[in-house]
Trainee: 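Here it is: the structure, laid out below.
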Protein chains: 2
Amino acid sequence: MLEWLKEPELNFPDQITAGFEHGVCVGQIQAKAGLTQSTVSEYLSILQRAGFIESKRVGQWTYYKRNEGAFEALSKLIQSNL
Amino acid sequence: MLEWLKEPELNFPDQITAGFEHGVCVGQIQAKAGLTQSTVSEYLSILQRAGFIESKRVGQWTYYKRNEGAFEALSKLIQSNL
DNA sequence: TTGACATATCGGGAAAAGTCGATATATTTG
DNA sequence: CAAATATATCGACTTTTCCCGATATGTCAA
């Protein structure tokens, strides 16, 4: 999922509601993942708590997008401690 | 354990048999880890199969040391794909 | 070759992670 | 407000991972 969210336009061409400035909504991710709605929702919330993605509620949809800063920080941490 | 093996002289001052050119022996790692011999042995063999450490049998001892190349490769992979 | 020591492998139980269906909550529309 | 839709949460079950004791293998020294 994190890979997918690197290029939302490419990986979620079916998302019609507006643009991708807020990210991708749960339903789109679920469809692509082939897991149940509850599993995907929980997974996304874990990633969010870990700081890797951010969410924005817009109407009845929740959009998730990557928090690139977290990945940069992790990359540096890994580089210096691995 | 991987952290420990970055500085064997510092982390395993009790190892007396020769130097550290071959790495650290299982018993030393086990003592520091506080896990059973079998657990540590299995763990080390997993890390070896994954390519992160190398082993050298010297007499009745098996010495393990980090394979820095694997860590560099992983670091690059993470950097470019994260 | 036998006994002592170091390590490896095996089988199983406990803990953690992954996944699901059912249901709750939130939002929009009529 | 009621129905429809999207997402979140809960409890249970399954799968995977972790860790152990017992035992096997390999090596050294007497």
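Proteins get letters first, then strands, A, B, ... in listed order; numbering begins at 1 in each. Quick note: numbers below take in every heavy atom, side chains included, and nothing from hydrogens, waters or symmetry partners.
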Trainee: With a cut-off of less than 4.0 Å, is there a side-chain N or O of A:Ser41 near OP1 or OP2 of D:dT9?
Mentor: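 Checking A:Ser41 against D:dT9: no side-chain N or O falls below 4.0 Å of OP1 or OP2.
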
Trainee: Ring-plane angle category for B:Phe52 and B:Phe71, please: parallel below 30°, perpendicular beyond 60°, tilted otherwise.
Mentor: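 Judged by the thresholds at 30° and 60°, the geometry between B:Phe52 and B:Phe71 is tilted.
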
Trainee: Within residues 43-53 of chain A, find the residues that approach DNA chain D with a heavy atom at under 4.0 Å, and present them sorted by residue number.
Mentor: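 Close to the strand, none.
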
Trainee: Separation of A:Lys56 atom NZ from D:dT7 atom P, in whole Å?
Mentor: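 Checked: the NZ to P distance equals 15 Å.
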
Trainee: Is there a path of hydrophobic side-chain contacts, each under 4.5 Å between heavy atoms of I/L/V/M/F/W/Y residues, joining A:Ile53 to A:Ile46?
Mentor: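 As far as the 4.5 Å side-chain criterion goes, A:Ile53 and A:Ile46 are not connected within one cluster.
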
Trainee: Quick check with a 6.0 Å cut-off and a 45 degree axis cone: is A:Arg57 positioned over the face of A:Tyr63's six-membered ring?
Mentor: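 No, cation not above the ring by the 6.0 Å, 45° rule.
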
Trainee: Sequence neighbours left out, what passes salt bridge (charged side-chain N to carboxylate O under 4.0 Å, His left out) with A:Glu72? Give chain and number order.
Mentor: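 A:Glu72: no salt bridge (charged side-chain N to carboxylate O under 4.0 Å, His left out) contacts found.
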
Trainee: With a cut-off of 6.0 Å (strictly less than), are more than 12 heavy atoms of other residues, nucleotides or ligands near NZ of B:Lys76?
Mentor: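 Not buried by this count: 12 neighbours or fewer within 6.0 Å.
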
Trainee: Looking at every heavy atom in both B:Arg66 and A:Leu82, which two are closest together, and how far apart are they?
Mentor: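 So the minimum-distance heavy-atom pair works out to NH2-O, 2.6 Å.
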
Trainee: A:Phe12 vs A:Leu5, test: side chain to side chain contact (heavy atoms under 4.5 Å, CB included). Steps then yes/no.
Mentor: CA-CA 9 Å; A:Phe12 302 97; A:Leu5 290 175; 4.2 Å; yes

Trainee: Any chance you could list the contact pattern along nucleotides 21-30 of chain D? Use B for base contacts, S for sugar-phosphate-only contacts and - for none, protein heavy atoms under 4.0 Å, 5' to 3'.
Mentor: BB----BS--

Trainee: Taking atom types as modelled, is there a side-chain donor on A:Thr36 or A:Thr39 under 3.5 Å from an acceptor on the other?
Mentor: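 The answer is yes; a qualifying pair exists.
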
Trainee: Could you check how far OH of A:Tyr63 sits from C1' of D:dA6, rounded to whole Å?
Mentor: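 These atoms are roughly 10 Å apart.
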
Trainee: Report the end-to-end axis angle of the helix from C:dT1-D:dA30 to C:dG30-D:dC1; each axis comes from five terminal pairs, and the value is rounded to 10°.
Mentor: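 About 20°, once rounded to a multiple of 10°.
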
Trainee: Please check this pair: side chain of B:Gln37 against backbone of B:Gln30, looking for a donor-acceptor N/O pair closer than 3.5 Å.
Mentor: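 Such a contact is absent between B:Gln37 side chain and B:Gln30 backbone.
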
Trainee: With nearest nucleotides of DNA chain C determined for B:Ser55 and A:Gly34 from heavy-atom distances, which residue corresponds to the more 5′ nucleotide?
Mentor: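 Its nucleotide being nearer the 5' end, the pick is B:Ser55.
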
Trainee: Answer yes or no: is there a side-chain heavy-atom contact under 4.5 Å between A:Glu42 and A:Ser38?
Mentor: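 With C-beta onward as the side chain, the pair stays apart.
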
Trainee: Which atom names give the shortest non-hydrogen contact between B:Lys6 and A:Ser80, and what distance separates them?
Mentor: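 Result for this residue pair: NZ-O, 4.3 Å.
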
Trainee: Considering only heavy atoms of chain A and a distance under 4.0 Å, specify the first and last nucleotide of DNA chain C in 5' to 3' order that meet this criterion.
Mentor: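 Contacts span C:dT19 to C:dT28, reading 5' to 3'.
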
Trainee: Under the side-chain hydrogen bond (donor to acceptor under 3.5 Å, both in side chains) test, which residues partner A:Ser55, sequence neighbours left out?
Mentor: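 Listed in chain order: A:Gln48.
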
Trainee: Using side chain to side chain contact (heavy atoms under 4.5 Å, CB included), reason through B:Ile78 and A:Leu74 one step at a time and then give a plain yes or no.
Mentor: CA-CA 9 Å; B:Ile78 288 170; A:Leu74 178 60; 5.9 Å; no

